[in-house]
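Throughout, protein chains are lettered first and strands after them, A, B, ... in sequence-line order, and every chain is numbered starting at 1. Here the structure is a predicted model, which is why all the values come from computation and not from measurement.
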Amino acid sequence: MKGTLSASVSSSSGVLFALSVGVLDGGALRVQMREENPIGNLYQVANVVLENVELKSKPFKLVQSSSEYTAIAFNSTDIEHTLAIHHRPFRMDLSSRNTPIWTFNEHGYLHYEHQRLKDSPPPTDGSEPAQSNDETLSEDEKTKKQLLEEIKKDMWDESFSGKIDSKPKGPTSIGFDMNFPGFKHTYGLPQHASSYSLKPTRGSEAQYSEPYRLYNFDVFEYELDNPMALYGSVPFLMAHRKDYSVGVLWMNAAEMWVDVERKAGRGSSPALQMQDYVPFSTISQTSATSTTTHWMAESGSIDVLILLGPTPAAVSDQLTRFSGRPALPQLFAIGYHQCRWNYLDEQDVADVDANFDQFDIPYDVLWLDIEHTDGKRYFTWDKVKFPNPADMQNDLAVKGRKMVTIIDPHLKQDDGYPVSKKAKDLGLLVKNSGGSDFDGWCWPGSSFWIDYLNPEGRKFWAEQFKYTNYQGSTPSLYTWNDMNEPSVFNGPEITMPKDNLHHGGFEHREVHNIYGALQHRATAEGHLVRSDNTDRPFVLSRAFFIGTQKYGAIWTGDNTATWDHLAVSVPMLLTIGGSGITFCGADVGGFFGNPDTDLLVRWYQMAAFQPFFRAHAHIDTKRREPWLFGEPFTSTIREAIRRRYRILPYLYTLFWESNQNGAPVMRSIMHEFPEDENTFEIEDAFMLGSALLIHPVVAKDVTSVSVYLPPSAVWYNYNTFARISNTASPVQVETPLDVIPIFLKGGSILPRRDRVRRAAGLGVHDPYTLVIALDKAGSAKGKLYVDDGKSYRHETHGESIVADLEFQGGVLSSTSRAWFEKRGAADGKVVTDQATVLESLGNRVERLVILGMKASGVKSVVVKKAGETAGKRLEFSEEEVVLEGVDEGSAKQTVVIVKDPKVLIGEEWSIVLS
Amino acid sequence: MAVPVPVPASVSVSAAVAVLVATAKSALSLAHVQATRMIMGSDDNYASTTTMGAAAASAESCKQTGDGLKCVGANAAFALQHALYSQAMSQDAQAQFACLDGSRSIDIKSLNDDYCDCDDGSDESGTSACPEAVFYCANKGHIGAEIPSSRVNDGVCDPQCCDGSDEYSGLVKCPNTCATIAAEHQRKQNELMKVLQKGLKLKQGYVDFGVKAKAGRADQLNSLNAKISNVTARIEELKVLKTQAEHFEAHQNAIRAHENAEAARTTLPQRHAACIERKNVLRTNVETLNTRLSELKRILDHLMTLQDVEEGAAFEALLRDKPILQETLQQYDDFKNLYVSVHQNEDGTLEEDASGNGVFITLDAEPEEDVVGVTHSDSDSTDKSASDTTPHLDDFSDPCVDPSASLISCLTATATNNAKSVLSAMKSPFTWRGWSKLGTSLTRNPFKTMSQSEEDEVLKKDASKARARLDELESKKREYENELEGIKRKEGLDLGEQGEWDQLVDMCIDMDSFEYNYSICFLGDATQKPKNGGGGTSLGKFSRWGPRKGVAGKGAEKYHHMMFEGGQHCWNGPSRSVEVALECGTENKILSVSEPSKCEYFMKVQSPAVCDSKLAVSGDAGNSATREEL
């Protein structure tokens, strides 16, 4: 059978719901359920999330259709899956290779408030007791009656701290349970300042007393270890066990709460197996711990993708296949960003820039916060402090540096301010419940908000970025969208009233969580509009949602200069990155408060290995630019930043991979070692790609840290190149202030540029150093992706190189043949020929650093280019390194350094060590 | 070219020049640039740089010795490296180059081959291959400069390298701008020298003043100490005299009281008549004033009512046109409100009607003309009753003295005071304090012409004079002590290397910036005042020399920064403070003010006091000026 399975589900009150289950090509199951005959339309997030996603249904086999249940079978990633739909009571069980992985409504939490009219009598559902005197009711019935009255009381309006929420559509909430049999660990549901493996909120293991809340907020000085909502939301969760990963994504933008509960397996009954497509009956048969999740949203419909895995990497691929691939950022965007609220004026900007050069610290972008504007009117400049903004940007641009200005979604109410006036005149603003333009309070005072739900609103917004509209902007100016949860100072919980109205008659409650992401999108579209689709956008947003990764980067919001905040940024970023938004970071140093020097140093050391690397500070804090702390601190921070610049080729390749398959740039150790149960809760260390493991120091005066290095791999200390004995895990690593423990995984080839320039873009013609770390078999693999780092020519004209690097049996070979054959061009464009691509993008390799060779094993090194038979001898040197830890029967290790093989990345060649 | 000169690696950096290693880098770079160019074969200026190099490494400056090659002179390190390099290049590439840190020897061909062989980067000072290396731009015609090797061939024409020598890979073509820059540099340099010369002259004045003042201070201290001890001694004597006089006076008073009572009784009618006459005069005055006031009030009231009627708009326009009118009205309004509140406070009831008539003093309530019961013991109680019936206007400072008070309030207060005086005179003509004030003013400085013993004689018998004299000397003593304090404070201050800050202590300079006026008094206070009026905010007091962060420099450098700390505390921030960076100039002037961090201010200030003659000699000024201007 092909297509979708449809059915009607009847509620206890007799209202019919349409259920549709489809198997999607690309490894997902889509479950949709909505009222068959709704009174009105409720917002469908999928229309936005799945926009431009080609949805192909996959054939499935109907294996059973009885009055009790219907079962279908299908393959995904070569694994056989079976879905059984039980008819009464309604419930779904999904199994993979005959092992249950997901169930729906197993606990009967499915609850759907059908739409109704205010004046019509509630449909009788039979269960409600007929009119009777209170005296005749039992205690239970009384409680139930009271509860019902309580619920009814708030059905059509409710108040919260003095603010009334009118609810013209009445109650529209939805709740259901999804369960992961045999899965103890779940991850996801950003954004919370909480652990990586989600802490249970219910049951005997509960660590929080409330569910995880997803409702984008501007939270002042947020608390840690708390399920409270923060700036962004992705209703995505992945369950993982040793042999399987499965993800779920609920496409819904309304306020959401999710309970997580762990249930211990019962007794020692054998792990559940499914035979002959007979649906499993209950998870209680499994011996392992299971996790139940209970999802509740205020509005919308049920539209859930079940991402079939079976690995964390596959889930990331599936998640971003359907919610959008992370945009490939420009090279500068992955450099270091210097921000502060606020750099005062043009002189201040020039001084800060000059100091970076004086102290020889690279950076790529200087940021201006709200004070740069004329009275918080975005797209304008304070005429006294920034009289010549274009010159200021050009002075930075000469050195390859960029500038970012903040552009928030609130518009000052001022008819003399064209953006505000025009948006109002064009009717592009969010309306209040009465239908007039919503008037709220934010930085500029009384403000309007653009309705980004309206395509016209987004178009209008994008137009504002044209150079002719944004006076004083230049091509090296990019954008920061803050306060887009949206933050409304005088609104309920500092955001918009839920009964505000958006384009299409949707209430704010239905679209709240997507609002900021749509501003993010409109801004990115603005960057495309102004450059005629040639310059890749760079937009940082604070609010985020499903699909945000298509538009740009996000950061974790207004954190604080404490060690706790430093520590929590790791699980927070792992969660966000694992939820599709791979370009993310936390403010270095902490936004609020003044970091101690050691805290700041540690923060730089860590953040240099995180995807988005920006220092930021509140206006009330002391200056904390890297040179203000004296030696040795300035040098330690300089080295931390330079460490990042050296690995930019590797990092850029990771961002490209992320763009291809959604792989988190910064990922958990579990993600890389999904079968190693010791890694499932690790959140004090992380991987950058698959080659580097970073264990940041996140507490004061720590003299050493204990690092778990999965024993299935060989590891090298990245700082000393010494191999770590594989019996020594976890290893204890000394951590003086200038050391951050970093490990290189054997089997990786890490491409670097060891010449650190003032800005990322200035190094694109520099040669590479390849650090080759051998695994147990003496092999290693790596990739290096190269394009111009700015434009879309890699897509439109195929101007890019992917070099596949492999070291095996003493031979390092590089090939790009497969890539050159595969690449294509956009419609109407011609693929640039290989020679031209090599001419502009191919740089030489200046050095090989080979780790894990046996001592004195190398007699000669010869390079052979394609077509050559006789090779050319190369100079090399060999250095012995001390093994760290105790190795069994250890052979001595050496680092072999091969000098300047003069081979180009993008060409075919091999280097033979014998 | 093919003269084989074996240069053992071990001597390329001999012990004799090891100390020059640090400075050798730049010189080395020049040699290496040449090498690079030879290797790269892309040198337009090859001939000229070679000539320069050869000139620097003149033949007689280097000699081959048993220990290797030795060079002497100011450019010894340069000469050494150049000679080494020339020698090495002249061989058939057999020579070795020892990395400057001695860590290893490398093939001479590895110099500037765009691969970093030496840990210290000494093999690649002409390329970007070594992260730690420094590249030297000869900048012929201008001043040579060093840049980090990371700026070589990065596609940016570095302003420090006006000859464009940092970009030779073809990524970008950098024009040679040295001639222009040198000319501009020279011009600035000349200007700077002029400023320096003038500044130095002024500074010399400060220094001279300081020398004198310092010497003078010793004498001043001595003389003040002497004065203080004299005065102190005299004060002790006076205290004794005062006690004597008070005893004496108590006795005399008893006698005089009796006599006075008698005399008063006999002259009372005449004095009473005189008083009545005076009262009438004063009363006429008061009435005249009241008439004028009432006229003024009528005008003002009319003006105020104009505001309320329909031609309000026109009136607004008038007010905008004549701000003084608006101010006057405002003050009048304020006065009325004030008056009302004062009278309300008096006994809880409103004494006047809303029209503000209460501002006038009515004389109807004057006391009986017959004075009864005038006795000595009465004086206190009459004083008291007078003050009881007087509105509390006394509580406010004299509006005729306060420059911020308006004409009207002065006028009104004058009228009120006149009336009060009359009233109190009527009540108690003999105890009116005015008389005794008049008396003392006539008898001021009675001791000028007396000897101390004569004075003692007088004081012994006159307690009030003794008290006055004692007061006078005590205040004198305080004056001396303050003066002493001031001198001691200056003595305790670090007034600069040569005492050049002596003359500038407490000299204040200020500057307007955005909405504030900033002022600092050297080694004193720093203040911020809003330009649109309002009170000032303390930004701190002088606390030390040296910058905010790090330690103060040595010698003259120490005085390049002045810190003011402990100012008014900032909400959500620290106590306000100012870091003042001083630079040489021909006048004392604030150049700029900024607030880089919350409530931590930074000022650039010019002063002749920091002009340094060394700048003129060493040319350091030139170098730093070049950097800045580039």
Can you say whether [X] sits under 4.5 Å from chain B via the side chain, the backbone, both, or neither, judging by heavy atoms?
| X | result |
| --- | --- |
| A/Arg642 | side chain |
| A/Thr621 | backbone |
| A/Asp357 | both |
| A/Asp348 | neither |
| A/Arg753 | neither |
| A/Ile619 | backbone |

Q) Are A/Tyr363 and A/Tyr336 near enough that their ring centres are under 6.0 Å apart? A)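 Between A/Tyr336 and A/Tyr363, which both carry aromatic rings, the centre distance is not below 6.0 Å.
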
Q) Taking the six-membered ring for Trp, are A/His618 and A/Phe592 parallel (under 30°), tilted (30 to 60°) or perpendicular (over 60°)? A)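 Tilted.
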
Q: On the 0 to 90° scale, with breaks at 30° and 60°, tag the A/Phe386-A/Trp381 ring pair as parallel, tilted or perpendicular.
A: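 Rings of A/Phe386 and A/Trp381: tilted, 30 to 60°.
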
Side-chain H-bond candidate by donor/acceptor type, [X] with [Y], under 3.5 Å:
| X | Y | result |
| --- | --- | --- |
| A/Gln338 | A/Trp367 | no |
| B/Asp512 | B/Asn517 | yes |
| A/Tyr343 | A/Asp353 | no |

Under 4.5 Å heavy-atom distance to chain A, tell me which part of [X] shows up: side chain, backbone, both or neither.
| X | result |
| --- | --- |
| B/Pro596 | both |
| B/Ser149 | backbone |
| B/Arg548 | neither |
| B/Cys599 | neither |

Pick from [options] with the largest number of heavy-atom pairs that fall under 4.5 Å of chain A:
| options | result |
| --- | --- |
| B/Cys130, B/Ser128, B/Cys116 | B/Ser128 |
| B/Gly155, B/Pro148, B/Cys157, B/Pro574 | B/Pro148 |
| B/Ala129, B/Ser592, B/Ser110 | B/Ala129 |

Q | Audit row: B/His561, B/Trp545, ring-ring contact (aromatic ring centres under 6.0 Å, His included) steps and yes/no | A | CA-CA 6 Å; B/His561 291 91; B/Trp545 292 104; 9.9 Å; no

(Q) Quick test of your reading of the model: are A/Asp364 and A/Arg758 salt-bridged, counting only N-O distances below 4.0 Å? (A)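 Not counted as a salt bridge, because no side-chain N and carboxylate O are separated by less than 4.0 Å.
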
Q) Between A/Glu846, A/Lys622, A/Arg757, which has the largest tally of heavy atom pairs under 4.5 Å with chain B? A)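 That would be A/Arg757.
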
(Q) Quick check on the interface: out of A/Lys385, A/Lys399, A/Arg844, who has the most heavy-atom pairs with chain B under 4.5 Å? (A)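 Top count of heavy-atom pairs under 4.5 Å with chain B: A/Arg844.
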
(Q) Quick check on B/Lys549: does its NZ atom have over 12 non-hydrogen neighbours (other residues, nucleotides or ligands) under 6.0 Å away? (A)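 More than 12 heavy atoms, drawn from other residues, nucleotides or ligands, come within 6.0 Å of this atom.
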
Q) Below 2.5 Å, is that where the SG pair of B/Cys162 and B/Cys178 sits? A)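 A disulfide, yes.
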
